[in-house]
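Here is the structure we will look at, set down as structure tokens.
Count residues from 1 along the sequence.
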Amino acid sequence: MACWEFLKKLALFGLLCLVIPVNIDKSTTKEDRLLFEAYIKKYNKHYKNDTEEYHTRLRHFKNALENIDKLNSQHGKPDHAMYGLNEFSDLSPEEFSKRHLRKVSADRIRKHSHSKKKPSADDSTTKPLLKLPAGILPDKVDWRTKGVVTPVRNQKLCGACWAFCTIETMESMLAIKNGTLLNLSVQEVIDCAGYGNQGCNGGDICSLAQWLKDNKIKVTKEKIYPLTLQDGTCKIQKAVTGVQVSDYTCSSLVRNEDEMRRLLAFHGPLAVAVNALTWQFYVGGVVQFHCSGDPFELNHAVQIVGYDMTAPIPHYIVRNSWGAGWGDKGYLKIAVGDNVCGIANDVISLDVT
């Protein structure tokens, strides 16, 4: 019993000071309420005086505690993924999915046609891979240490992850090419992208890359075309200078993740589609279980900025767009080799001018 009391106090301390996994006695309603009150304070929730909303959120919160316990009980190796309380812990799984994920159509999983036909919402192309050096891959790559990765953004309720990770990859490739790290305009793409992309209602990283290339779109700086996180009228001005996609690859690398690492090591960061359903409670460690790689279940897009094959669990370093307060300062780690979370189904590399 003393152990349970210690864990409860540790969880309360964690909510007030830092994010940690929790494991408490679900039958103790008083402890649930104490945790929930600490949670409301930490995350500045505004429903405390709304009785109906308060009880709805408390119910989802208690369910979250159960889900967190279940997820944390399924690990078996050092450096495993850890799950705990975060800003999404008062949402039901259905609410989380609706607000922060967008279902990716299975029709997008390419059949490796090299056609140049312009893609529509249900028809896009796959391009062949770049010719890369055949040398031995480095054990570790982290483009953040090279100063070519911009700060983590927060897409909030705008379902434009596809735009965020693609623009972030353009930023990185520009910095690799000429040493200039700029914040480019995600909003320009949200407002303007064609080929079936739908702004804050979802889109496709591969068709976006092709739209940018085909139309020679100049993506301007964020300070010129600032982020609003809402669908707006396209304000592209032809005279404005900006960064263009000169070429790209869009590939399925399932069962070929060595090629993903080769792209990361010898070319640069990548944009990928993933299944992020269980990321609702992620707070750290390496995701290696309970994260489906089924291409029919892709629902989010992120940027990969490196990998580490020397770690107890070799993993990719993945940058999300849910703010620096989520996960490990806005990042997460996904195990290499088994298409965990569908990370190898839809892989984009870019070149820019």
Side-chain angles (χ1 to χ4, degrees), residues 1-16 18-40 42-43 45 55-101 103 274-294 296-300 302 312-313 315-316 318 320 322 325-328 331-335 337-343:
M1 196 62 167
C3 180
W4 283 117
E5 292 301 320
F6 172 76
L7 285 169
K8 295 170 190 173
K9 291 178 181 178
L10 188 63
L12 282 167
F13 175 79
L15 277 168
L16 294 173
L18 70 162
V19 177
I20 60 171
V22 298
N23 187 10
I24 70 164
D25 183 356
K26 308 305 180 304
S27 65
T28 308
T29 303
K30 180 179 178 181
E31 299 299 337
D32 287 351
R33 287 186 177 277
L34 284 173
L35 274 174
F36 190 52
E37 292 296 330
Y39 174 83
I40 289 173
K42 177 178 176 62
Y43 291 101
K45 302 289 183 172
H55 286 290
T56 296
R57 296 301 150 198
L58 175 59
R59 183 173 68 255
H60 294 329
F61 181 82
K62 292 174 67 175
N63 289 336
L65 295 176
E66 294 176 2
N67 287 327
I68 288 165
D69 273 352
K70 186 182 297 183
L71 290 167
N72 283 331
S73 71
Q74 295 173 356
H75 58 72
K77 296 182 181 179
D79 203 27
H80 56 80
M82 297 179 291
Y83 299 90
L85 297 173
N86 60 27
E87 64 178 299
F88 303 136
S89 299
D90 60 349
L91 301 176
S92 69
E94 294 77 18
E95 285 176 320
F96 172 74
S97 182
K98 183 176 180 180
R99 294 184 186 188
H100 300 286
L101 305 176
K103 190 70 174 177
V274 291
N275 175 358
L277 191 60
T278 58
W279 298 6
Q280 180 177 359
F281 308 117
Y282 175 86
V283 296
V286 182
V287 176
Q288 52 184 322
F289 306 119
H290 42 67
C291 197
S292 171
D294 189 332
F296 289 82
E297 297 181 14
L298 301 177
N299 50 34
H300 192 44
V302 291
I313 303 173
H315 59 264
Y316 298 107
V318 179
N320 203 355
W322 292 343
W326 176 87
D328 182 3
Y331 286 81
L332 77 157
K333 300 171 183 176
I334 295 179
D338 292 318
N339 192 31
V340 177
C341 299
I343 198 167

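Taking CZ of Phe281 as the reference point, atom CG of Asn67 lies at 5.0 Å (rounded to 0.5 Å). Atom CG of Asn275 sits about 11.5 Å away from atom CD1 of Ile343, to the nearest 0.5 Å. With rounding to the nearest 0.5 Å, the separation of OG in Ser92 from CZ in Arg99 is 8.0 Å. Rounding to the nearest 0.5 Å gives a distance of 8.0 Å between NZ of Lys62 and CD of Glu66. Taken from CG in Leu91 to NZ in Lys98, the straight-line distance is 12.0 Å, to the nearest 0.5 Å.
Closest approach of Lys45 and Glu87 over heavy atoms only: NZ-O, 3.0 Å. The shortest non-hydrogen separation linking Tyr282 to Lys333 is OH-N, 3.3 Å. When all heavy atoms of Thr278 and Cys291 are compared, the closest pair comes out as OG1-SG, 4.0 Å.
Looking at Tyr39, its side chain does come within 3.5 Å of a backbone N or O of Ser89 through a donor-acceptor pair. Although no hydrogens or angles enter the test, the distance criterion places no donor-acceptor pair under 3.5 Å between the side chain of Asp328 and the main chain of Gly284. With hydrogens and angles ignored, the 3.5 Å screen pairs no side-chain donor or acceptor of Lys42 with any backbone N or O of Asn86. No donor-acceptor pair under 3.5 Å is formed between the side chain of Ser97 and the backbone N or O of Glu94. Side-chain atoms of Asn299 come within 3.5 Å of backbone N or O of Ala276 as a donor-acceptor pair.
You'll find the side chain of Trp279 reaches within 4.5 Å of the side chain of Val274, heavy atoms only. Two residues are said to be in side-chain contact when any heavy atoms from C-beta on lie closer than 4.5 Å; Val287 and Val318 fail this criterion. Val283 places none of its side-chain heavy atoms less than 4.5 Å from the side chain of Leu85. Between Trp326 and Leu332 there is a side-chain heavy-atom pair separated by less than 4.5 Å.
With sequence neighbours left out, the ring-ring contact (aromatic ring centres under 6.0 Å, His included) criterion links Phe96 to Phe88, His100, Trp322. Every side chain to side chain contact (heavy atoms under 4.5 Å, CB included) that Arg59 has, sequence neighbours left out, goes to Thr56, Asn63. With sequence neighbours left out, Asp294 forms a side chain to side chain contact (heavy atoms under 4.5 Å, CB included) with Ser292, Phe296, Glu297. Under the side-chain hydrogen bond (donor to acceptor under 3.5 Å, both in side chains) criterion, Asn320 pairs with His300, sequence neighbours left out. By the side chain to side chain contact (heavy atoms under 4.5 Å, CB included) test, Ala335 is found to be paired with Val286, Gln288, Ile313, Val340, residues two or more places apart in sequence or in another chain being considered.
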For side-chain contact (heavy atoms from CB on, under 4.5 Å), just list the numbers for Phe36 and Arg57, CA-CA rounded to whole Å, side-chain angles, deciding distance to a tenth of an Å, and then say yes or no.
-> CA-CA 9 Å; Phe36 190 52; Arg57 296 301 150 198; 3.7 Å; yes

Test log, rule side-chain contact (heavy atoms from CB on, under 4.5 Å), inputs Ile40 and Phe61 = CA-CA 11 Å; Ile40 289 173; Phe61 181 82; over 6 Å; no

Using the side-chain contact (heavy atoms from CB on, under 4.5 Å) rule, take Glu95 and His60 through it: C-alpha gap first, then chi angles, then the decisive distance, then the call.
-> CA-CA 10 Å; Glu95 285 176 320; His60 294 329; 3.5 Å; yes

